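Below is one structure, written out as structure tokens; the observations come after it.
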Amino acid sequence: MKLLHLSDFHLGKRLNGCSLLEDQRVLLEEVLRLAEEADALLLAGDIYDKANPSAEAVALFDRFLTRLSGLGKPVCIISGNHDSPQRLSFGARLMEESGVYIAPVYDGTLEPVLFQDQWGEVAVYLLPFLKPAALRSVCPEGSVSTCQEAVAWALGRVTLDPTRRNVLVAHQLVAGTQRCQSEELNIGGLDQVDSSLFDGFDYVALGHIHTPQRVGRETVRYCGSPLKYSDSEAGQTKGALLVTLEEKGNVIVETRPIHPLHDLVCLRGSYLELTDRRFYRERNREDYTYITLTDEEDVPQAMGKLRAVYPNLLGLRYDNQRTHTRQSISASAPEEQRPLELLERFYQTQNNRPLSEKQRAYAKALLDELWEGEP
């Protein structure tokens with residue numbers, strides 16, 4: 001049986017104020033193309049970027065599910081930490097008739113979705129994002145205080161059939177994973193779980209972490225987000241995982257690349273270098289772009305000027321002597337210092353270098369005029 005593992009669509013997300021709905025529409029078209037290889041899909045949470053998603057994001061996902069159903073491709077879906085499990089699972093029982101299986105709000109039970117192939121049954125368990133508060137109504141008060149305890153309690157109530165191939169779809173932070181800037185993480189490690197909790201499963205389809213990676217063993221996997229949602233993901237190759245379950249104990253995991261409408265890149269250099277036609281002509285100017293300027297002097301209206309070359313510029317920062325070190329100005333006895341001396345100290349503190357001779361001459365001429373000849 002072939003399962004296509006994806007997660008973290010974050011439908012409706014905006015990147016530095018820029019809507020990604022068109023990118024996500026193209027993404028879902030790519031997923032539909034990849035689905036032709038699979039017998040079923042696993043969507044491991046964070047379908048939406050907000051618990052109360054926009055009407056456009058909901059309509060986008062609705063069209064996607066309708067087309068999947070038309071292709072005869074079952075899909076198993078769980079809610080992530082960005083989703084509302086109540087909203088996401090509305091109408092879940094009705095949708096099962098169309099092959100859309102959505103994890104309900106967790107009620108203390110996990111009933112598998114069963115599939116069949118030539119090697120027998122495949123049991124897919126759908127565990128929505130769990131935190132201690134989600135178990136207050138179903139387990140003894142005070143018995144669960146961390147995500148580790150919550151997931152252990154939930155999986156401890158599942159009796160796995162060792163003759164079946166058992167698959168878990170979950171959305172948790174597993175200890176030891178590589179993270180990036182676009183993920184919401186709690187301080188103190190209370191949201192982490194240990195990968196040993198998943199030892200009874202033949203394959204674990206994880207969501208939440210945007211960097212694709214395995215955790216502990218080859219068959220515990222984060223597929224990663226299919227699009228790049230922060231500059232820390234610029235160098236990553238995004239895609240989906242095609243998981244082939246053959247006879248019990250034989251699992252093959254392959255990566256299927258996803259081709260985005262726009263890539264996300266980080267560029268670094270001086271203003272003159274980055275606006276040199278020989279440089280940007282070789283690049284895709286339509287990429288979502290973050291730029292680091294290395295000029296020692298701030299470029300006036302740099303954001304607007306650079307957008308003429310890189311229309312999808314999302315962020316701009318400087319990396320120079322001024323940004324490397326932050327200093328403070330002593331206010332001791334400023335009346336004993338001449339205005340030009342104060343200006344020189346201020347410039348040195350702000351920029352970590354002295355005024356040039358040309359700057360000093362210009363400043364002195366201005367001060368001479370302001371102070372009527374007194375330097």
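Treat the numbers as computed from the prediction; the structure is a model and nothing was measured.
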> What do the steps show when you test Asp191 against Lys131 for side chain to side chain contact (heavy atoms under 4.5 Å, CB included), and what is the final call?
Replying inline: CA-CA 7 Å; Asp191 55 346; Lys131 54 185 178 180; over 6 Å; no

>> Before you tell me yes or no, could you show the steps for Leu173 and Ile209 under side chain to side chain contact (heavy atoms under 4.5 Å, CB included), namely the whole-Å CA-CA distance, both residues' side-chain angles and the distance that decides it to 0.1 Å?
In response: CA-CA 7 Å; Leu173 170 61; Ile209 298 300; 3.6 Å; yes

>> Pair Leu130, Val193 - check side chain to side chain contact (heavy atoms under 4.5 Å, CB included), show working.
In response: CA-CA 11 Å; Leu130 282 189; Val193 304; over 6 Å; no

>> Before you tell me yes or no, could you show the steps for Phe115 and Glu121 under side chain to side chain contact (heavy atoms under 4.5 Å, CB included), namely the whole-Å CA-CA distance, both residues' side-chain angles and the distance that decides it to 0.1 Å?
In response: CA-CA 6 Å; Phe115 299 105; Glu121 283 187 330; over 6 Å; no

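Hydrophobic clustering (ILVMFWY, side-chain heavy atoms < 4.5 Å, transitive): Leu245 and Leu206 are in distinct clusters. Hydrophobic clustering (ILVMFWY, side-chain heavy atoms < 4.5 Å, transitive): Leu42 and Leu6 are in distinct clusters. At a threshold of 4.5 Å between side-chain heavy atoms, the hydrophobic network of Ile, Leu, Val, Met, Phe, Trp and Tyr places Leu160 and Leu197 in one connected group. In this structure, Val167 is not a member of the same hydrophobic cluster as Leu155, with clusters built from ILVMFWY side-chain heavy atoms closer than 4.5 Å. No single ILVMFWY cluster, assembled from side-chain heavy atoms under 4.5 Å apart, contains both Leu27 and Leu261.
Side chains of Thr163 and Lys248: a donor-acceptor N/O pair is absent below 3.5 angstrom, by distance only. Gln148 and Thr146 are not linked by any side-chain donor-acceptor pair at a separation below 3.5 angstrom, with hydrogens and angles left out of the test. Side-chain contact check for Tyr288 and Asp23: at least one donor-acceptor pair (N or O, by modelled atom type) lies under 3.5 Å. Remark: the Thr211 side chain and the Gln236 side chain contain an N/O donor-acceptor pair separated by less than 3.5 Å.
When all heavy atoms of Val215 and Ala175 are compared, the closest pair comes out as CG1-O, 4.3 Å. Residues Ala205 and Ala44 come closest through the heavy atom pair O-CB, 3.7 Å. Looking at every heavy atom in both residues, Arg307 comes nearest to Leu313 through NH2-O, 3.0 Å. Looking at every heavy atom in both residues, Glu36 comes nearest to Lys73 through O-NZ, 3.6 Å. Residue Phe198 comes nearest to Arg217 through the heavy atom pair O-NH2, 2.8 Å, listed as atom of the first residue, atom of the second, then distance. Heavy-atom minimum distance, Ser225 versus Glu233: OG-OE1, 3.2 Å.
Counting non-hydrogen atoms of neighbouring residues, nucleotides and ligands closer than 6.0 angstrom, the CZ atom of Arg33 exceeds 12 such neighbours. The environment of CZ in Arg164 is crowded: more than 12 heavy-atom neighbours from other residues, nucleotides or ligands sit within 6.0 Å. Environment of CZ in Phe279: crowded, with over 12 heavy atoms of neighbouring residues, nucleotides or ligands closer than 6.0 Å.
The OH atom of Tyr203 sits 6.5 Å away from atom CZ of Arg221, with the distance rounded to the nearest 0.5 Å. From Ile78, atom CD1 reaches atom CG of Leu88 across 9.5 Å, with rounding to the nearest 0.5 Å. Of the inter-residue distances, the one linking Ser7 atom OG with Leu241 atom CG reads 9.0 Å to the nearest 0.5 angstrom. The line from CD1 of Ile291 to CG of Leu306 is 4.5 Å long, rounded to the nearest 0.5 Å. Distance check, rounded to the nearest 0.5 Å: CD of Glu296 to OG of Ser356 gives 12.0 Å. Atoms CG and CG, from Leu43 and Asp8 in turn, are 10.5 Å apart once rounded to the nearest 0.5 Å.
The stretch residues 158-178 participates, sequence neighbours left out, in these ring-ring contact (aromatic ring centres under 6.0 Å, His included) pairs: His171-His208.
Residues Trp153 and Val138 form a side-chain contact, since some pair of their non-hydrogen atoms from C-beta on lies under 4.5 Å apart. Between Tyr290 and Leu264 the shortest side-chain heavy-atom distance falls below 4.5 Å. Two residues are said to be in side-chain contact when any heavy atoms from C-beta on lie closer than 4.5 Å; Asp49 and Arg14 fail this criterion. Contact annotation: the side chain of Glu37 never approaches that of Leu4 to less than 4.5 Å [non-hydrogen atoms, C-beta and beyond]. The side-chain heavy atoms of Ser196 and Asp199, taken from C-beta on, include a pair separated by under 4.5 Å. Between Glu218 and Val253, every side-chain heavy-atom pair lies at or beyond the 4.5 Å cut-off. Looking only at side-chain heavy atoms (C-beta outward), Leu127 and Val169 stay at 4.5 Å or farther from each other. Looking only at side-chain heavy atoms (C-beta outward), Glu246 and Arg165 stay at 4.5 Å or farther from each other.
Panel note: side chain Asn52, backbone Lys50; no donor-acceptor pair is recorded below 3.5 Å. Formation of a donor-acceptor pair under 3.5 Å by the Asp202 side chain with backbone atoms of Asn166 is found in this model. No donor-acceptor pair closer than 3.5 Å links the side chain of Arg285 to the backbone N or O of Pro311. In this structure, the side chain of Asp276 does not engage the main chain of Glu273 through any donor-acceptor pair within 3.5 Å. In this structure, the side chain of Asp83 engages the main chain of Ile47 through a donor-acceptor pair within 3.5 Å. In this structure, the side chain of Glu30 does not engage the main chain of Pro260 through any donor-acceptor pair within 3.5 Å. Formation of a donor-acceptor pair under 3.5 Å by the Tyr229 side chain with backbone atoms of Phe9 is found in this model. Remark: the backbone N or O of Gly120 is paired with a side-chain donor or acceptor of Asp117 at under 3.5 angstrom. Not one N or O on the side chain of Gln213 forms a donor-acceptor pair closer than 3.5 Å with the backbone of Tyr222. The closest donor-acceptor contact from the side chain of Glu247 to the backbone of Trp119 lies at 3.5 Å or more, if one exists at all.
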Under 3.5 Å, side-chain donor or acceptor atoms of residues 93-114 against the rest of the protein: list the pairs with distances, not counting sequence neighbours.
unit_1	atom_1	unit_2	atom_2	d
Asp107	OD1	Thr109	N	3.1
Asp107	OD1	Thr109	OG1	2.7

Would you give me the side-chain donor-acceptor pairs under 3.5 Å for residues 54-64, sequence neighbours excluded?
unit_1	atom_1	unit_2	atom_2	d
Ser54	OG	Ala57	N	3.1

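In this structure Asp295 satisfies the salt bridge (Lys or Arg N to Asp or Glu O under 4.0 Å) test with no other residue, sequence neighbours excluded. For Glu254, the salt bridge (Lys or Arg N to Asp or Glu O under 4.0 Å) partners two or more places apart in sequence, or in a different chain, are Arg256. When the salt bridge (Lys or Arg N to Asp or Glu O under 4.0 Å) test is applied to Asp287, no partner is found at least two apart in sequence or on another chain.
A salt bridge between Glu357 and Arg360 is absent, with no side-chain N of the basic residue lying under 4.0 Å from a carboxylate O of the acidic one.
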